[in-house]
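Worksheet: the structure to be examined is printed underneath.
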Protein chains: 2
Amino acid sequence: MKLSSEQINQKLKDAGLRVTPQRHAILEAVYTLGNHPSAEQVIDYIRVNHPGIATGTVYNVLDVLVDSRLVKRVKTDKDAMRYDAIMNRHHHIYCAETDRIEDYFDEELDDLLQSYFRKKNLQNFKIEDIILQIKGNFNDNSE
Amino acid sequence: MKLSSEQINQKLKDAGLRVTPQRHAILEAVYTLGNHPSAEQVIDYIRVNHPGIATGTVYNVLDVLVDSRLVKRVKTDKDAMRYDAIMNRHHHIYCAETDRIEDYFDEELDDLLQSYFRKKNLQNFKIEDIILQIKGNFNDNSE
DNA sequence: TTCTTATATAGGAATCATTCTTATCTAAGA
DNA sequence: TCTTAGATAAGAATGATTCCTATATAAGAA
(Lines give C-alpha, C1' and ligand atoms only; values in the text may rest on other atoms or scores of the structure.)
Protein backbone atom coordinates (compact mmCIF):
# COMPACT_ATOMS: atom_id res chain seq x y z
CA MET A 1 0.00 0.00 0.00
CA LYS A 2 1.35 3.38 -1.05
CA LEU A 3 0.63 6.43 1.11
CA SER A 4 1.24 10.08 0.34
CA SER A 5 3.88 12.00 2.24
CA GLU A 6 1.12 13.88 4.05
CA GLN A 7 -0.59 10.65 5.09
CA ILE A 8 2.68 9.36 6.53
CA ASN A 9 3.18 12.56 8.50
CA GLN A 10 -0.38 12.44 9.75
CA LYS A 11 0.03 8.89 10.98
CA LEU A 12 3.14 9.85 12.91
CA LYS A 13 1.42 12.87 14.43
CA ASP A 14 -1.72 10.94 15.29
CA ALA A 15 0.45 8.49 17.18
CA GLY A 16 1.90 11.38 19.18
CA LEU A 17 5.33 11.08 17.61
CA ARG A 18 7.67 13.82 16.48
CA VAL A 19 7.95 13.85 12.73
CA THR A 20 11.53 13.35 11.61
CA PRO A 21 12.95 12.55 8.19
CA GLN A 22 14.13 9.18 9.51
CA ARG A 23 10.75 8.18 10.86
CA HIS A 24 9.05 9.39 7.73
CA ALA A 25 11.38 7.41 5.49
CA ILE A 26 11.14 4.23 7.55
CA LEU A 27 7.36 4.24 7.92
CA GLU A 28 7.02 4.97 4.23
CA ALA A 29 9.35 2.08 3.47
CA VAL A 30 7.28 -0.41 5.46
CA TYR A 31 4.13 0.71 3.66
CA THR A 32 5.66 0.81 0.21
CA LEU A 33 7.61 -2.42 0.42
CA GLY A 34 4.56 -4.26 1.70
CA ASN A 35 4.71 -8.01 2.11
CA HIS A 36 6.31 -7.98 5.54
CA PRO A 37 9.80 -6.62 4.94
CA SER A 38 12.73 -7.35 7.22
CA ALA A 39 14.76 -4.56 8.82
CA GLU A 40 17.44 -5.26 6.24
CA GLN A 41 15.01 -4.70 3.37
CA VAL A 42 13.90 -1.45 4.96
CA ILE A 43 17.52 -0.37 5.26
CA ASP A 44 18.29 -1.19 1.63
CA TYR A 45 15.19 0.69 0.52
CA ILE A 46 15.77 3.91 2.45
CA ARG A 47 19.53 4.02 1.81
CA VAL A 48 18.84 4.91 -1.82
CA ASN A 49 17.35 8.28 -0.92
CA HIS A 50 18.68 8.62 2.61
CA PRO A 51 22.20 7.24 2.67
CA GLY A 52 22.91 8.77 6.06
CA ILE A 53 20.37 6.90 8.17
CA ALA A 54 22.18 4.62 10.58
CA THR A 55 21.35 0.96 10.97
CA GLY A 56 20.72 1.38 14.67
CA THR A 57 18.27 4.16 13.92
CA VAL A 58 16.22 1.87 11.72
CA TYR A 59 15.86 -0.67 14.50
CA ASN A 60 15.20 2.10 16.97
CA VAL A 61 12.50 3.69 14.82
CA LEU A 62 10.89 0.34 14.03
CA ASP A 63 10.63 -0.26 17.79
CA VAL A 64 9.04 3.13 18.23
CA LEU A 65 6.56 2.44 15.45
CA VAL A 66 5.66 -0.90 17.00
CA ASP A 67 5.19 0.69 20.44
CA SER A 68 3.00 3.34 18.84
CA ARG A 69 0.94 0.71 17.08
CA LEU A 70 1.77 1.97 13.59
CA VAL A 71 3.49 -1.28 12.70
CA LYS A 72 3.39 -4.89 13.88
CA ARG A 73 6.17 -7.38 14.32
CA VAL A 74 5.80 -10.64 12.44
CA LYS A 75 7.74 -13.73 13.47
CA THR A 76 8.64 -16.46 11.04
CA ASP A 77 10.66 -19.65 11.32
CA LYS A 78 13.73 -17.79 10.14
CA ASP A 79 15.96 -15.57 12.23
CA ALA A 80 15.15 -12.07 11.14
CA MET A 81 12.13 -10.15 12.39
CA ARG A 82 9.62 -8.96 9.80
CA TYR A 83 7.39 -5.89 9.96
CA ASP A 84 3.83 -5.25 8.86
CA ALA A 85 2.06 -1.92 8.40
CA ILE A 86 -1.38 -3.49 8.12
CA MET A 87 -2.92 -3.07 11.52
CA ASN A 88 -6.37 -4.55 10.88
CA ARG A 89 -6.83 -7.94 12.45
CA HIS A 90 -5.56 -10.57 10.11
CA HIS A 91 -3.81 -13.90 9.99
CA HIS A 92 -0.84 -15.20 8.08
CA ILE A 93 -0.49 -17.83 5.43
CA TYR A 94 3.09 -18.93 5.60
CA CYS A 95 5.44 -21.20 3.69
CA ALA A 96 8.49 -22.16 5.76
CA GLU A 97 10.48 -23.26 2.73
CA THR A 98 10.36 -19.94 0.93
CA ASP A 99 9.70 -17.77 4.00
CA ARG A 100 6.85 -16.20 2.06
CA ILE A 101 4.02 -14.65 4.08
CA GLU A 102 0.62 -13.65 2.76
CA ASP A 103 -2.00 -11.84 4.76
CA TYR A 104 -5.30 -13.54 5.36
CA PHE A 105 -8.35 -11.47 6.27
CA ASP A 106 -11.49 -13.26 7.37
CA GLU A 107 -14.06 -11.63 9.62
CA GLU A 108 -16.30 -14.67 9.54
CA LEU A 109 -13.45 -16.72 10.96
CA ASP A 110 -12.69 -14.08 13.58
CA ASP A 111 -16.31 -14.10 14.71
CA LEU A 112 -16.28 -17.87 14.80
CA LEU A 113 -13.18 -17.92 16.97
CA GLN A 114 -14.42 -15.19 19.23
CA SER A 115 -17.71 -16.94 19.96
CA TYR A 116 -15.93 -20.28 20.31
CA PHE A 117 -13.59 -18.99 22.97
CA ARG A 118 -16.31 -17.02 24.71
CA LYS A 119 -18.23 -20.26 25.05
CA LYS A 120 -15.07 -22.10 26.10
CA ASN A 121 -14.30 -19.45 28.71
CA LEU A 122 -10.66 -20.29 29.42
CA GLN A 123 -9.82 -20.21 33.09
CA ASN A 124 -6.82 -18.20 34.24
CA PHE A 125 -6.27 -16.46 30.94
CA LYS A 126 -7.51 -13.22 29.47
CA ILE A 127 -7.39 -13.44 25.67
CA GLU A 128 -6.29 -10.31 23.87
CA ASP A 129 -5.64 -11.63 20.42
CA ILE A 130 -5.86 -14.85 18.48
CA ILE A 131 -3.61 -15.22 15.48
CA LEU A 132 -3.66 -18.13 13.10
CA GLN A 133 -0.53 -19.22 11.37
CA ILE A 134 -1.64 -21.25 8.40
CA LYS A 135 1.39 -23.26 7.33
CA GLY A 136 1.85 -25.11 4.09
CA ASN A 137 2.89 -24.52 0.53
CA PHE A 138 1.89 -22.10 -2.19
CA ASN A 139 0.92 -23.77 -5.44
CA ASP A 140 2.40 -21.08 -7.64
CA ASN A 141 5.03 -18.37 -7.57
CA SER A 142 2.72 -15.42 -7.91
CA GLU A 143 3.15 -12.56 -5.53
CA MET B 1 6.57 -35.66 30.84
CA LYS B 2 9.19 -38.07 32.15
CA LEU B 3 10.27 -40.98 29.96
CA SER B 4 12.41 -43.97 30.88
CA SER B 5 15.86 -44.33 29.43
CA GLU B 6 14.56 -47.18 27.27
CA GLN B 7 11.72 -45.08 25.93
CA ILE B 8 14.17 -42.34 24.95
CA ASN B 9 16.36 -44.86 23.14
CA GLN B 10 13.36 -46.33 21.40
CA LYS B 11 12.23 -42.96 20.16
CA LEU B 12 15.67 -42.27 18.71
CA LYS B 13 15.77 -45.67 17.04
CA ASP B 14 12.25 -45.37 15.69
CA ALA B 15 13.27 -42.11 14.08
CA GLY B 16 16.15 -43.90 12.38
CA LEU B 17 18.80 -42.13 14.42
CA ARG B 18 21.94 -43.51 15.94
CA VAL B 19 21.69 -43.57 19.69
CA THR B 20 24.46 -41.54 21.28
CA PRO B 21 24.85 -40.35 24.86
CA GLN B 22 24.49 -36.75 23.65
CA ARG B 23 21.26 -37.37 21.81
CA HIS B 24 19.92 -39.38 24.68
CA ALA B 25 20.73 -36.64 27.19
CA ILE B 26 19.31 -33.86 25.05
CA LEU B 27 16.07 -35.59 24.12
CA GLU B 28 15.61 -36.58 27.74
CA ALA B 29 16.21 -32.98 28.77
CA VAL B 30 13.51 -31.62 26.45
CA TYR B 31 11.02 -34.17 27.81
CA THR B 32 11.93 -33.72 31.45
CA LEU B 33 12.17 -29.96 31.44
CA GLY B 34 8.82 -29.67 29.70
CA ASN B 35 7.26 -26.28 29.23
CA HIS B 36 9.15 -25.39 26.06
CA PRO B 37 12.75 -25.03 27.21
CA SER B 38 15.30 -22.92 25.35
CA ALA B 39 18.59 -24.37 24.12
CA GLU B 40 20.25 -22.63 27.05
CA GLN B 41 17.99 -24.40 29.54
CA VAL B 42 18.74 -27.70 27.88
CA ILE B 43 22.46 -26.96 28.12
CA ASP B 44 22.24 -26.05 31.81
CA TYR B 45 20.26 -29.19 32.50
CA ILE B 46 22.51 -31.68 30.75
CA ARG B 47 25.79 -30.09 31.93
CA VAL B 48 25.09 -31.36 35.45
CA ASN B 49 25.47 -34.97 34.40
CA HIS B 50 27.27 -34.51 31.09
CA PRO B 51 29.74 -31.65 31.53
CA GLY B 52 31.53 -32.52 28.31
CA ILE B 53 28.73 -31.95 25.82
CA ALA B 54 29.59 -28.97 23.64
CA THR B 55 27.22 -26.08 23.05
CA GLY B 56 27.36 -26.58 19.31
CA THR B 57 26.41 -30.21 19.77
CA VAL B 58 23.25 -29.24 21.61
CA TYR B 59 22.13 -27.02 18.72
CA ASN B 60 23.19 -29.66 16.25
CA VAL B 61 21.26 -32.41 18.03
CA LEU B 62 18.19 -30.23 18.50
CA ASP B 63 18.20 -29.63 14.74
CA VAL B 64 18.45 -33.36 14.14
CA LEU B 65 15.57 -34.01 16.53
CA VAL B 66 13.45 -31.40 14.79
CA ASP B 67 14.25 -32.86 11.36
CA SER B 68 13.34 -36.30 12.67
CA ARG B 69 10.07 -35.01 14.09
CA LEU B 70 10.89 -35.89 17.65
CA VAL B 71 10.78 -32.27 18.72
CA LYS B 72 9.16 -29.07 17.48
CA ARG B 73 10.51 -25.57 17.37
CA VAL B 74 8.43 -22.93 19.12
CA LYS B 75 8.87 -19.24 18.35
CA THR B 76 8.01 -16.54 20.86
CA ASP B 77 8.34 -12.78 20.81
CA LYS B 78 11.74 -13.10 22.44
CA ASP B 79 15.01 -13.92 20.74
CA ALA B 80 15.76 -17.45 21.75
CA MET B 81 14.17 -20.46 20.10
CA ARG B 82 12.17 -22.79 22.32
CA TYR B 83 11.67 -26.53 21.91
CA ASP B 84 8.70 -28.78 22.51
CA ALA B 85 8.65 -32.57 22.79
CA ILE B 86 4.87 -32.80 22.55
CA MET B 87 4.18 -33.73 18.97
CA ASN B 88 0.39 -34.05 19.09
CA ARG B 89 -1.40 -31.21 17.38
CA HIS B 90 -1.83 -28.40 19.83
CA HIS B 91 -1.86 -24.65 20.11
CA HIS B 92 -0.13 -22.21 22.39
CA ILE B 93 -1.42 -19.82 24.97
CA TYR B 94 1.21 -17.17 25.31
CA CYS B 95 1.90 -14.16 27.47
CA ALA B 96 4.40 -11.81 25.87
CA GLU B 97 5.21 -10.03 29.12
CA THR B 98 6.38 -13.11 30.97
CA ASP B 99 7.28 -15.20 27.90
CA ARG B 100 5.24 -18.00 29.44
CA ILE B 101 3.80 -20.59 27.06
CA GLU B 102 1.11 -23.11 27.90
CA ASP B 103 -0.05 -25.85 25.59
CA TYR B 104 -3.64 -25.84 24.47
CA PHE B 105 -5.21 -29.05 23.20
CA ASP B 106 -8.65 -28.88 21.62
CA GLU B 107 -9.80 -31.45 19.09
CA GLU B 108 -13.20 -29.84 18.77
CA LEU B 109 -11.48 -26.64 17.69
CA ASP B 110 -9.21 -28.50 15.30
CA ASP B 111 -12.22 -30.16 13.67
CA LEU B 112 -13.96 -26.81 13.44
CA LEU B 113 -10.97 -25.21 11.73
CA GLN B 114 -10.45 -28.14 9.42
CA SER B 115 -14.02 -28.12 8.16
CA TYR B 116 -14.01 -24.33 7.96
CA PHE B 117 -10.97 -24.26 5.69
CA ARG B 118 -12.16 -27.24 3.68
CA LYS B 119 -15.32 -25.27 2.95
CA LYS B 120 -13.26 -22.12 2.29
CA ASN B 121 -10.99 -24.02 -0.09
CA LEU B 122 -8.08 -21.57 -0.30
CA GLN B 123 -6.79 -21.12 -3.79
CA ASN B 124 -3.08 -21.49 -4.44
CA PHE B 125 -2.26 -22.86 -1.03
CA LYS B 126 -2.04 -26.35 0.38
CA ILE B 127 -2.60 -26.22 4.14
CA GLU B 128 -0.43 -28.52 6.19
CA ASP B 129 -0.97 -27.17 9.64
CA ILE B 130 -2.96 -24.49 11.41
CA ILE B 131 -1.55 -23.19 14.65
CA LEU B 132 -3.28 -20.74 16.91
CA GLN B 133 -1.30 -18.37 19.00
CA ILE B 134 -3.61 -17.22 21.75
CA LYS B 135 -2.06 -14.08 23.20
CA GLY B 136 -2.99 -12.35 26.41
CA ASN B 137 -2.34 -12.54 30.12
CA PHE B 138 -2.45 -15.25 32.72
CA ASN B 139 -4.54 -14.35 35.75
CA ASP B 140 -2.31 -16.12 38.23
CA ASN B 141 1.23 -17.35 38.64
CA SER B 142 0.51 -21.05 38.73
CA GLU B 143 2.54 -23.30 36.51
C1' DT C 1 36.48 -59.62 18.02
C1' DT C 2 38.92 -56.34 15.28
C1' DC C 3 38.78 -53.31 11.34
C1' DT C 4 36.65 -49.83 8.48
C1' DT C 5 34.24 -45.87 7.55
C1' DA C 6 30.52 -42.86 7.70
C1' DT C 7 28.70 -40.21 11.14
C1' DA C 8 28.86 -37.53 15.40
C1' DT C 9 31.13 -34.55 18.66
C1' DA C 10 34.42 -31.13 21.02
C1' DG C 11 36.33 -26.93 21.02
C1' DG C 12 36.42 -22.66 19.68
C1' DA C 13 36.23 -19.19 16.07
C1' DA C 14 32.92 -16.83 13.17
C1' DT C 15 28.48 -14.92 11.91
C1' DC C 16 24.74 -11.97 11.93
C1' DA C 17 20.67 -9.73 13.54
C1' DT C 18 20.00 -6.73 16.99
C1' DT C 19 21.17 -3.75 20.97
C1' DC C 20 23.95 -0.57 23.38
C1' DT C 21 26.93 3.49 24.18
C1' DT C 22 28.29 8.05 23.69
C1' DA C 23 28.75 12.19 21.43
C1' DT C 24 26.28 15.10 18.49
C1' DC C 25 22.29 17.10 16.60
C1' DT C 26 17.62 18.92 16.19
C1' DA C 27 12.74 20.01 17.03
C1' DA C 28 9.60 22.51 19.79
C1' DG C 29 8.53 25.23 23.51
C1' DA C 30 10.18 29.13 26.88
C1' DT D 1 17.08 33.24 20.27
C1' DC D 2 17.87 29.95 24.03
C1' DT D 3 17.09 25.69 26.34
C1' DT D 4 16.51 21.04 26.70
C1' DA D 5 14.38 16.69 26.09
C1' DG D 6 14.31 13.68 22.66
C1' DA D 7 16.40 11.73 18.27
C1' DT D 8 20.24 10.20 15.50
C1' DA D 9 25.07 8.68 13.81
C1' DA D 10 28.72 5.77 14.25
C1' DG D 11 30.45 1.93 15.51
C1' DA D 12 31.44 -1.20 19.41
C1' DA D 13 29.24 -4.90 21.98
C1' DT D 14 26.09 -8.67 22.67
C1' DG D 15 24.23 -13.12 22.39
C1' DA D 16 22.02 -16.82 20.14
C1' DT D 17 23.30 -19.68 16.71
C1' DT D 18 26.28 -21.58 13.03
C1' DC D 19 30.51 -23.02 11.09
C1' DC D 20 35.08 -25.25 10.87
C1' DT D 21 38.31 -28.84 11.62
C1' DA D 22 40.44 -32.34 14.10
C1' DT D 23 39.16 -36.13 16.88
C1' DA D 24 36.21 -39.74 18.49
C1' DT D 25 32.77 -43.21 18.13
C1' DA D 26 28.83 -46.28 16.54
C1' DA D 27 27.52 -49.92 13.52
C1' DG D 28 28.34 -52.96 9.98
C1' DA D 29 32.08 -55.89 7.54
C1' DA D 30 35.57 -59.29 7.78
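Below, chains carry the letters A, B, ... as their sequence lines are ordered, and counting in each starts from 1.
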Pairs under 3.5 Å (N/O, protein and nucleotides 22-24 of chain D):
none

Between protein and nucleic acid, restricted to nucleotides 14-19 of chain C and to nitrogen or oxygen atoms under 3.5 Å apart, what atom pairs and distances do you find?
{"from": "C:dT18", "atom 1": "OP1", "to": "A:M81", "atom 2": "N", "distance (Å)": "2.7"}
{"from": "C:dT18", "atom 1": "OP2", "to": "A:Y59", "atom 2": "OH", "distance (Å)": "2.6"}

N/O to N/O distances under 3.5 Å, protein versus nucleotides 25-30 of chain D:
none

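Following rounding to the nearest Å, B:H24 (NE2) and C:dT9 (C1') show an atom-to-atom distance of 17 Å. Regarding A:L12, its CG atom lies at a distance of 14 Å from the C1' atom of C:dA27, rounded to whole Å. Spacing between atom CG of B:N60 and atom P of C:dG12 amounts to 18 Å, rounded to whole angstrom units. With rounding to whole Å, A:R47 atom CZ is found 14 Å from D:dT8 atom P. Separating the CD1 atom of B:I43 from the C1' atom of C:dT9 is a distance of 14 Å, rounded to the nearest angstrom. Atoms CD1 (A:I53) and P (C:dC25) sit 17 Å apart, rounded to a whole Å. Distance B:K78 NZ to D:dG15 C1': 16 Å, rounded to the nearest Å. C:dC20 atom C1' lies 17 Å from atom CG of A:L62, rounded to whole Å.
Listed by first and then second residue, the ring pair (Phe, Tyr, Trp, His ring centres under 6.0 Å) pairs that reach into residues 61-96 of chain A are A:H36-A:H92, A:H90-A:H92, A:H90-A:F105, sequence neighbours excluded.
The hydrophobic cluster containing B:V58 also contains B:L17, counting ILVMFWY residues as joined when their side-chain heavy atoms lie under 4.5 angstrom apart, directly or transitively.
Relative orientation of the B:F125 and A:F138 rings is perpendicular, given thresholds of 30° and 60° on the angle between their planes.
Between the side chain of B:S115 and the backbone N or O of B:L112 there is at least one donor-acceptor pair closer than 3.5 Å. Listed for the A:T76 side chain is a donor-acceptor partner under 3.5 Å among the backbone atoms of A:K78. The main-chain N or O of B:R18 is found under 3.5 Å from a side-chain atom of B:R23 such that the two form a donor-acceptor pair.
Salt bridge status for A:R89 with A:D106: absent, with no side-chain N to carboxylate O gap under 4.0 Å.
Considering only residues two or more places apart in sequence or on other chains, A:N49 meets the side chain to side chain contact (heavy atoms under 4.5 Å, CB included) condition with none of them. Qualifying ring pair (Phe, Tyr, Trp, His ring centres under 6.0 Å) partners for A:Y59, counting only residues two or more places apart in sequence or in other chains: none.
Across all strands, A:V61 comes closer than 4.0 Å only to sugar-phosphate atoms, never to a base (heavy-atom distances).
Contact annotation: B:Q22 side-chain N/O to C:dA10 OP1/OP2 distance is under 4.0 Å.
D:dA30: Watson-Crick or G-U partner is C:dT1, with both key distances under 3.5 Å.
When each of A:Q114, A:K120, A:K119 is paired with A:Y116, the side chain to side chain donor-acceptor pair (under 3.5 Å) condition holds for A:K120 and for no other.
Heavy-atom minimum distance, B:Y45 versus B:A29: CD2-CB, 3.4 Å.
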